[in-house]
There are 2 protein chains.
Amino acid sequence: MATGRPTHTADRGRPANRGRGIPEATVARLPLYLRALTALSERSVPTVSSEELASAAGVNSAKLRKDFSYLGSYGTRGVGYDVEYLVYQISRELGLTQDWPVVIVGIGNLGHALANYGGFASRGFRVAALLDADPAVVGTSAAGLPVRHMDELEDIVEDEQVSIGVITTPPGAAQQVCDRLVAAGVTSILNFAPTVLSVPDGVDVRKVDLSIELQILAFHEQRKAGEEAEQALAAPAAAKAAASSGPSSEPVVPAAADRPARTAAKLRRAAASGTDGDLPAVMPA
Amino acid sequence: MATGRPTHTADRGRPANRGRGIPEATVARLPLYLRALTALSERSVPTVSSEELASAAGVNSAKLRKDFSYLGSYGTRGVGYDVEYLVYQISRELGLTQDWPVVIVGIGNLGHALANYGGFASRGFRVAALLDADPAVVGTSAAGLPVRHMDELEDIVEDEQVSIGVITTPPGAAQQVCDRLVAAGVTSILNFAPTVLSVPDGVDVRKVDLSIELQILAFHEQRKAGEEAEQALAAPAAAKAAASSGPSSEPVVPAAADRPARTAAKLRRAAASGTDGDLPAVMPA
DNA sequence: TAGATTGTTAATCGATTAACAATC
DNA sequence: TAGATTGTTAATCGATTAACAATC
């Protein structure tokens, strides 16, 4: 495959960088832009600048323009982007102009929640079937659809041409369900079970993992606590230094000082944790 | 802040690269390693090599060793890593050795699912309260906890020293709920509503968005369809060429050929979509 | 034309990877 | 010691960002 990038031409509708082109990071942001554009479209806003749209999508405008440059030249200098046209182009790029039947396997709390999720149907995705292995659940209904038995998985995938499967089973069942989905012909899997799935080449897996997200937040939260503890310790000395060096417009203790309750909680945590170099409470056996 | 990296020392328990150190990409993988290590620990496996652990976590071993090098030198050359010790070190690094009270706001299907999520409690996270604005929901219970009214939010955050909030409200309510959480002292938010939240500096937001994940899968799925269509078109010619160039051990049409049903579905989709340069069905007004 | 805004460049930053010296 | 495996280096790759020429 050629690695040379084609020279850019500004003709509409002929993307500059098709083929192996669009970076993953850009693909991951296209849905954000699309959502912001859809909101503008509903308000009948005809055009939008990169600055406005970037702000609505929560990114900076340089990144947005770079992202769009991978799709082609869909803007007008001095004016901005045509909202409707961009909605269409991004939808097409993401494959949302076609119908994507999806099966959801595992109809517990989470499966129910997903079946009822509104944003599902709105963007080309259609719940083709809900499946569960539990006879007590099979035959009930969720979001107006009957829950069918796992035995029907292969037939449904074939009959409905399903290429996307959503796994919301308990972790122990996830790999087995994944294997059956893949064997039946599914090539994209969205996995909500906290398990690493192994799949053959050509099958995409994305995972959504509540526990991981919380742990990442906890990491940063702990770090904030540590920083505020340091600031609090440094504050008296700094205040003294500031007092002796005459009037200053800069506050001595920023941000943290005006949120006493929060800081108190964090100091307590910082003291309780091993953040500041305590000996580990557990050592290797 | 000093940018010079301290020289690495191999003493246990004194991480080489603390402070502004650990890259985000590494932080995001620590929970994966921890999960794999916990499983090994439950099986009483005493030590594990980077190769084995990487495989269990679904990454490559070079990446894993690089990741661990940011934490310190916790392995033993020629032997591997002590499972229990590493569980402790990663837990501590992530802040999981302390208690993290969490509030969940919005007790619909998804809120219920999260309240019942087992992985929640197991790793230092504790559901401090379930909150909802709907009087019909307030007073019911989920996962053994009563659903309380939004009015109690501020008191609960203060009393229970909550620093992490989970938003599972409809999108229209998310920003407002977020503002209240932040005003009450919450500094980390996990957002399941499909909305861009704006928060002041010092507050972390992570989002989980089903719709975005599906759209990313659809993008790749569409691309697969396009590629298989190209292969199918190229196949007859390639087969002819191969036939005339004598015996060969390489298959002419790889992968796609042995999954006829799937390929048929994709060819249909490729034909239906604008992938191959059809004129757009929608043009700007 | 003058003002506005895109699309592109180039510099910078951060993440990944393979290879291997250090060392258990 | 010989074999195994870590921790680190350095090369490479991909993503971000600011700046600005192109141009509407």
Side-chain angles (χ1 to χ4, degrees), chain A residues 1 3 5-18 20-30 32-33 46-55 57-83 85-86 89 216 284, chain B residues 1 3 5-17 20-30 32-33 46-55 57-83 85-86 89 284:
Chain A
M1 197 150 287
T3 54
R5 174 172 299 185
T7 52
H8 182 81
T9 54
D11 54 339
R12 290 198 149 204
R14 196 89 59 85
N17 190 338
R18 193 62 81 78
R20 273 302 76 185
I22 306 180
E24 264 307 302
T26 296
V27 171
R29 281 188 294 266
L30 292 181
L32 285 177
Y33 302 143
T47 61
V48 66
S49 71
S50 62
E51 198 67 56
E52 292 165 324
L53 183 55
S55 164
V59 304
N60 73 50
S61 65
K63 196 185 282 182
L64 177 141
R65 288 198 300 279
K66 191 89 172 78
D67 284 341
F68 285 1
S69 77
Y70 293 113
L71 309 183
S73 296
Y74 294 148
T76 305
R77 288 162 137 105
V79 178
Y81 300 91
D82 182 287
V83 170
Y85 186 59
L86 203 45
Q89 289 297 346
I216 295 170
Chain B
M1 195 150 286
T3 54
R5 174 172 301 186
T7 51
H8 182 80
T9 53
D11 53 339
R12 291 199 149 201
R14 196 87 59 85
N17 191 338
R20 272 305 72 184
I22 305 179
E24 264 308 302
T26 296
V27 172
R29 281 188 294 266
L30 292 181
L32 286 177
Y33 302 141
T47 60
V48 66
S49 70
S50 62
E51 197 67 56
E52 292 165 325
L53 182 55
S55 165
V59 303
N60 73 49
S61 66
K63 196 185 283 182
L64 177 142
R65 288 198 301 277
K66 192 89 172 77
D67 284 341
F68 284 0
S69 77
Y70 294 112
L71 309 184
S73 296
Y74 295 147
T76 305
R77 288 162 138 105
V79 177
Y81 300 91
D82 182 286
V83 170
Y85 186 60
L86 203 46
Q89 289 297 346

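Below, chain A is the first sequence line, B the second, and so on; all start at residue 1.
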Stepwise side-chain contact (heavy atoms from CB on, under 4.5 Å) test for Tyr74(A) and Tyr85(A): CA-CA 8 Å; Tyr74(A) 294 148; Tyr85(A) 186 59; 3.7 Å; yes
Trace of the side-chain contact (heavy atoms from CB on, under 4.5 Å) decision for Tyr81(A) with Arg65(A): CA-CA 11 Å; Tyr81(A) 300 91; Arg65(A) 288 198 300 279; 3.8 Å; yes
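Counting any heavy atom pair closer than 4.0 Å across all strands shown, Glu24(B) reaches sugar-phosphate atoms only and no base atom. Among the heavy atoms of the strands, none lies under 4.0 Å from Phe68(B). Across all strands shown, Ala62(B) has heavy atoms under 4.0 Å from base atoms, whether or not it also approaches the sugar-phosphate.
Between the CD atom of Glu51(A) and the P atom of dG3(C) there is a distance of 20 Å, given to the nearest Å. Going from atom CG of Leu64(B) over to atom P of dA15(C) covers 16 Å, rounded to whole Å. The nearest whole Å value for the distance from the CZ atom in Arg29(B) to the C1' atom in dG14(C) is 12 Å. Here the C1' atom of nucleotide dA11(C) and the NZ atom of Lys66(A) are 12 Å apart, to the nearest Å. Atom CG in Asp67(B) sits about 11 Å away from atom P in dT17(C), given to the nearest Å. Protein atom OH of Tyr74(A) is 16 Å distant from nucleotide atom P of dT6(C), rounded to whole Å. Look at NZ on Lys63(A): it is 18 Å from C1' on dT9(C), rounded to the nearest Å.
Contact check, Tyr81(B) against dG7(D): a side-chain N or O comes under 4.0 Å of OP1 or OP2.
The 5' end of DNA chain D is approached more closely, in terms of each residue's nearest nucleotide, by Thr26(A) than by the other of Thr26(A) and Val79(A).
With pairs defined as Watson-Crick or G-U wobble and both atom distances under 3.5 Å, the stems of at least three pairs that touch DNA chain D come out as C:3-24 with D:3-24.
Residue Thr76(A) places its side chain closer to dC24(D) than to any other of dC24(D), dT17(D), dC24(C).
Closest approach of Glu52(B) to Ser49(B), counting heavy atoms only: OE1-N, 2.9 Å. Looking at every heavy atom in both residues, Ala28(B) comes nearest to Ile216(A) through CA-CD1, 3.8 Å. Between Ser50(A) and Ser61(A) the shortest heavy-atom distance is O-CB, 3.8 Å.
Screening Val59(B), Leu32(B), Val48(B) for a side-chain contact (heavy atoms from CB on, under 4.5 Å) with Leu53(B), the sole residue that qualifies is Val48(B).
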Protein-nucleic acid N or O pairs under 3.5 Å, nucleotides 20-22 of chain C:
unit_1: dA22(C); atom_1: N3; unit_2: Arg77(B); atom_2: NE; d: 2.9

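Remark: Lys63(A) NZ to Tyr33(A) OH distance equals 7.0 Å, nearest 0.5 Å. Interatomic distance, CG of Asp67(A) versus CG of Leu30(A), reported as 6.5 Å (0.5 Å rounding).
With sequence neighbours excluded, no residue forms a side-chain hydrogen bond (donor to acceptor under 3.5 Å, both in side chains) with Thr47(B).
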